S.K.: 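Okay, here's the structure, questions in a sec.
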Protein chains: 2
Amino acid sequence: MDTADRTPTGVPGSGRRRSRAGIRSQTASMADVARLAGVSSQTVSRVSNGYAGVTEETRQQVLAAMKELGYRPNSAARALKRGEFRTIGVITFSLSTTGNVRTLEAIANSAAHEGYAVTLLPVAVPTQDEVRGAFSRLEELAVDAVIVIMEVHLLDAATIALPPHVQVVVVDSDAGDRYTVVDTDQAGGSHAAVRHLLDLGHATVWHLGGPDGSFAAQRRADAWHAALIEADRTPPPLVRGDWSAESGYRAGLVLADHEDCTAVFAANDQMALGLLRALHERGRRVPEDVSVIGFDDIPEAGSFLPPLTTLHQDFAEVGRLCVENVLRKMRHEGAERGTTLVPTRLVVRESTAPPPSLAQGLCRK
Amino acid sequence: MDTADRTPTGVPGSGRRRSRAGIRSQTASMADVARLAGVSSQTVSRVSNGYAGVTEETRQQVLAAMKELGYRPNSAARALKRGEFRTIGVITFSLSTTGNVRTLEAIANSAAHEGYAVTLLPVAVPTQDEVRGAFSRLEELAVDAVIVIMEVHLLDAATIALPPHVQVVVVDSDAGDRYTVVDTDQAGGSHAAVRHLLDLGHATVWHLGGPDGSFAAQRRADAWHAALIEADRTPPPLVRGDWSAESGYRAGLVLADHEDCTAVFAANDQMALGLLRALHERGRRVPEDVSVIGFDDIPEAGSFLPPLTTLHQDFAEVGRLCVENVLRKMRHEGAERGTTLVPTRLVVRESTAPPPSLAQGLCRK
DNA sequence: CCGCGCGATGTTTACGTAAACATCTCCTCG
DNA sequence: CGAGGAGATGTTTACGTAAACATCGCGCGG
């Protein structure tokens, strides 16, 4: 009623809008569309949201007006009115590890499928302070829920800063009692890796583990150890890397000097790659002299020298479950507190074989 | 004035808020804080935004009230009022290629540094329809600007659907005249790769190119060709892969049979990896018999067998420039239409050497 | 033939914030 | 000692949308 006399012709976005502070300008609002279509803005809203109770004829008129003005619903106003943003925040360290990236991708796809967008919150340095900082930024971010790809021990200090209404799902962590956790079945996969090598006839299995402080690394190492104990084997000393191929190479130089080392379970494929190079340089053939198994099944694993036997992680499923769980929690449909595990799959390629002793035995027959 | 008699005690979020439709509930608003602190909501706003003109004493009272109520500014309302979301949208195909991921990461970091969040919009299948779909979703998304990591020819059909006020910056494309483009200097890098091999004494250089339809692949192939012509060499036929290590392997099996092939420039490191495996299988030593150079310098490149000579891409810089450009366009500070190129850097490792003929010559001396 | 009811549409209001403007209180200076 | 002004704070309003409520007109049954 007040705009009518100011802009009698109904030209949208004229005058007052131009002087606005914001960066977005000249956007047609519902009122503009309504004026052009000769209906009320509420009717425009109904059309925009696909509600029933609008004549087909009116609907077409409104749609035409929308098109002419290039109308786009203002999501800020929508979010304000509806009280939700239809956006999920994802907090992660760098995207330098395969697992994080693949999980993120799966989350984004699942979220898109549910009509949710994904907002990325990178944390440069994985210290508690940094994480807390990320969370406090997230607090005033347009986000309905949060998925954290992170160790829980880093998360703990940060969650206190989280507004209570924001639901959280965590990947790559324990603490299933306090949070809803989705993760790859690290233990099951590691157990399968060790079993595979033992079944080939190896006396024991060495482990090239991930960095101290990584939950995934810890679980894989623990399960490796347990599987050996279970099979009455003596666990060799644990060798640690930092997930990188370079660290795998360095560890490999050490392992290559152990004559009795015939089988190595690397905690990820990148380290296995470096390991392969070190063994090659030291003249130890894979798999004839040493068997190597990885974890992750990165796309390149099949092209290593030799093609790497490894444990395939179903990141797509992990991502899907994250989104499913977090949305369910948001909707208060049975918040699944606890850990959901996604199984791994053993992919046998050419980097594993029976140990030299057995192979020789076979040859002599 | 109307809420005062309804909730005389000033308990925040009581009654009316609970019945709201949205999922977020029980959040304290400025009015709640204002009531508790005994000031006006405008003063709360001033404190919240760090404006001057508030007594230190008042400020502390307000901060205390905020803390007590767990007040978090409502970003939807903020965005509505301010007309901006402080969010940048990123559209990309899958996150399966190194380049896209690293660029995304750099964008996220740069954006965070500027106080912007990044919203991810994955496009499952890179068809024009899919892209258009992603854009139309993006339109009603809370986004001030868009960075597209995509071929322009896929983008073209989609941009028509973009609201005119949303600025776009493109990576991995030509068409610098129509869009603001930031990209790695594909041509310069490829030229350097070819020159490196020619300088080592190779008669010519084969090229294992990326898939048809990829702009980056096209530019690298073109520059490879041009560099050979420039040096008066005969370009061998182009061999194509699809960026994957597996395709590099298949191509490598073919190349291994060409006796005269002593130097290969692979359009990315993954294909180089597969290529290395194929050459190894066929008994052609790298670099003694065949030199291989890659492109990207993925973290694992130094751990290949042998460590891969490659062209390092500065993704961090690409991401930074994307954010810088898109923000500058948003603020109408000289929209740099045109292409900004980020130089590559040759990283010489162990996969390149003089050709067998020369090496023999050296030995005989 | 009249009123009831239902479907289509219009009007009012509130979401939470922040700009613009209004007011109020001191303190300074002539 | 009073006018002027600067700084602190309060009040009004609008951002664009959508729920809730109001109204209007038309068809159908009593």
Side-chain angles (χ1 to χ4, degrees), chain A residues 1-4 6 12-13 15-25 27-35 37-59 61-62 69 71-85 140 142, chain B residues 1-4 6 12-13 15-25 27-35 37-59 61-62 69 71-85 140 142:
Chain A
M1 64 196 211
D2 59 346
T3 52
R6 277 199 241 160
R16 107 196 112 88
R17 210 184 309 281
R18 194 182 306 275
S19 65
R20 238 203 306 161
I23 278 156
R24 301 161 64 101
S25 51
T27 27
S29 74
M30 276 195 170
D32 297 320
V33 175
R35 217 173 303 134
V39 299
S40 76
S41 67
Q42 184 55 38
T43 300
V44 177
S45 172
R46 282 190 265 257
V47 172
S48 177
N49 290 314
Y51 284 179
V54 179
T55 316
E56 183 57 24
E57 191 191 337
T58 313
R59 215 177 74 86
Q61 274 176 27
V62 172
L69 296 178
Y71 169 77
R72 302 294 161 196
N74 179 315
S75 48
R78 255 191 190 174
L80 175 59
K81 195 74 181 86
R82 303 211 266 229
E84 63 167 339
F85 302 98
E140 40 185 280
Chain B
M1 62 195 216
D2 59 346
T3 52
R6 277 200 240 160
R16 108 195 111 87
R17 211 184 309 281
R18 193 182 307 272
S19 63
R20 238 203 305 162
I23 278 156
R24 302 161 62 102
S25 52
T27 29
S29 76
M30 276 194 170
D32 297 320
V33 175
R35 217 173 304 135
V39 298
S40 76
S41 67
Q42 184 56 38
T43 300
V44 177
S45 172
R46 281 190 266 257
V47 171
S48 176
N49 291 313
Y51 284 0
V54 179
T55 317
E56 184 56 26
E57 191 192 338
T58 313
R59 214 177 73 87
Q61 274 177 27
V62 172
L69 297 178
Y71 169 76
R72 303 294 161 195
N74 179 315
S75 49
R78 254 190 190 175
L80 175 59
K81 192 73 180 94
R82 302 211 265 229
E84 62 167 341
F85 302 98
E140 42 185 277

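In what follows, chains are A, B, ... by sequence order, proteins preceding strands, each numbered from 1. Reckoned from all heavy atoms, side chains included, excluding hydrogens, waters and symmetry mates. What you see is a predicted model, and the numbers here were worked out from it, not measured in a lab.
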S.K.: What closest approach, in Å, do Val54(B) and Arg59(B) show between heavy atoms, and which atom pair accounts for it?
M.R.: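 Looking at all heavy atoms of both residues, the closest pair is CG1-N, 3.9 Å.
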
S.K.: Using the C1' atoms of five pairs at each end, what's the angle between the two axes of the helix from dC1(C)-dG30(D) to dG30(C)-dC1(D), to 10 degrees?
M.R.: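 Inter-axis angle at the ends, rounded: 60°.
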
S.K.: What is the distance, rounded to the nearest whole Å, between atom CZ of Arg35(A) and atom P of dG10(C)?
M.R.: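 The distance from CZ of Arg35(A) to P of dG10(C) comes to 14 Å, rounded to the nearest Å.
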
S.K.: OP1, OP2 of dG16(C) versus side-chain N and O of Arg78(B): anything below 4.0 Å?
M.R.: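 No.
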
S.K.: Report the residues that fulfil side chain to side chain contact (heavy atoms under 4.5 Å, CB included) with Ala76(B), sequence neighbours left out, ordered by chain and then residue number.
M.R.: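 For Ala76(B), the residues satisfying side chain to side chain contact (heavy atoms under 4.5 Å, CB included) (neighbours in sequence not counted) are Ala79(A), Leu80(A), Phe85(A), Asn74(B).
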
S.K.: Measuring to OP1 and OP2 of dG16(D), would you say a side-chain N or O of Ser41(A) lies under 4.0 angstrom away?
M.R.: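 So the side chain of Ser41(A) is outside the cut-off, no N or O lying under 4.0 Å from OP1 or OP2 of dG16(D).
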
S.K.: For the residue pair Asn49(A) and Arg82(A), what are the closest heavy atoms and their distance?
M.R.: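 Residues Asn49(A) and Arg82(A), closest heavy atoms: OD1-NH1, 3.7 Å.
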
S.K.: Between dG10(D), dT17(D), dT17(C), spot the one nearest the side chain of Asn74(A), thanks.
M.R.: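 The closest nucleotide is dT17(D).
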
S.K.: Just N and O in the side chain of Arg82(B): are any of them under 4.0 Å from OP1 or OP2 of dC15(D)?
M.R.: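 Answer no for this pair, as no side-chain N or O of Arg82(B) is under 4.0 Å from OP1 or OP2.
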
S.K.: Anything under 3.5 Å between a protein N or O and an N or O of nucleotides 21-27 of chain D, put it in a table, one pair a line.
M.R.:
none

S.K.: Nearest whole angstrom, please: distance from the C1' of dT17(C) to the CZ of Phe85(B).
M.R.: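 In whole Å, dT17(C) C1' and Phe85(B) CZ are 14 Å from each other.
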
S.K.: Round to the nearest Å and state the distance from Gln42(A) atom CD to dT13(C) atom C1'.
M.R.: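 Taking atom C1' of dT13(C) as the reference, CD of Gln42(A) is at 11 Å.
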
S.K.: What is the distance from CE of Met30(A) to P of dC15(C), rounded to the nearest Å?
M.R.: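 So the two atoms are 19 Å apart, to the nearest Å.
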
S.K.: In whole angstrom, give the distance that lies between atom CG of Leu80(A) and atom P of dA19(D).
M.R.: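 For the pair Leu80(A) CG and dA19(D) P, the rounded distance is 13 Å.
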
S.K.: Which residues in residues 47-54 of chain A have a heavy atom closer than 4.0 Å to any atom of DNA chain D?
M.R.: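 Those residues whose heavy atoms fall under 4.0 Å from DNA chain D, taken from residues 47-54 of chain A in numerical order, are Asn49(A), Tyr51(A).
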
S.K.: How close or far is atom P of dA19(D) from atom CD of Glu84(A), stated in whole angstroms?
M.R.: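 It works out to 11 Å between those atoms.
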
S.K.: With Glu57(B), which residues qualify under salt bridge (Lys or Arg N to Asp or Glu O under 4.0 Å), at least two apart?
M.R.: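 Glu57(B) satisfies salt bridge (Lys or Arg N to Asp or Glu O under 4.0 Å) with no residue once adjacent residues are dropped.
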
S.K.: Shortest non-hydrogen contact from Ala37(A) to Val62(A)?
M.R.: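 Closest heavy-atom pair between Ala37(A) and Val62(A): CB-CA, 4.1 Å.
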
S.K.: When all nucleic acid strands are considered with a 4.0 Å heavy-atom cut-off, which category describes Val39(B): base, sugar-phosphate, or nothing?
M.R.: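 Since only primed, P, OP1 and OP2 atoms lie under 4.0 Å of Val39(B), the category is sugar-phosphate.
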
S.K.: Just to verify, what does Ser48(A) make a side chain to side chain donor-acceptor pair (under 3.5 Å) with, not counting sequence neighbours?
M.R.: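 Partners of Ser48(A) under the side chain to side chain donor-acceptor pair (under 3.5 Å) test: Arg78(A).
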
S.K.: Check every atom of dA18(C), dG16(C), dA18(D) against the side chain of Lys81(A) and return the nucleotide holding the closest atom.
M.R.: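 Between dA18(C), dG16(C), dA18(D), the one nearest the side chain of Lys81(A) would be dA18(D).
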
S.K.: So, do Asp32(A) and Arg35(A) sit near enough that their side-chain heavy atoms are less than 4.5 Å apart?
M.R.: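 Asp32(A) vs Arg35(A): side chains touch.
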
S.K.: Mind checking if Ser45(B) touches a base, just sugar-phosphate, or nothing, with heavy atoms under 4.0 Å?
M.R.: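 Answer is base: heavy atoms of Ser45(B) come under 4.0 Å of a base.
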
S.K.: Does a nitrogen or oxygen in the side chain of Thr58(A) sit under 4.0 Å from OP1 or OP2 of dA8(C)?
M.R.: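 Result: no.
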
S.K.: Could you grab the distance from atom CD of Gln61(A) to atom OG1 of Thr43(A), nearest 0.5 Å is fine?
M.R.: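 Here the rounded value is 10.5 Å.
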
S.K.: Distance check: side-chain N/O of Ser29(B) vs OP1/OP2 of dG16(C), anything under 4.0 Å?
M.R.: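 Answer no for this pair, as no side-chain N or O of Ser29(B) is under 4.0 Å from OP1 or OP2.
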
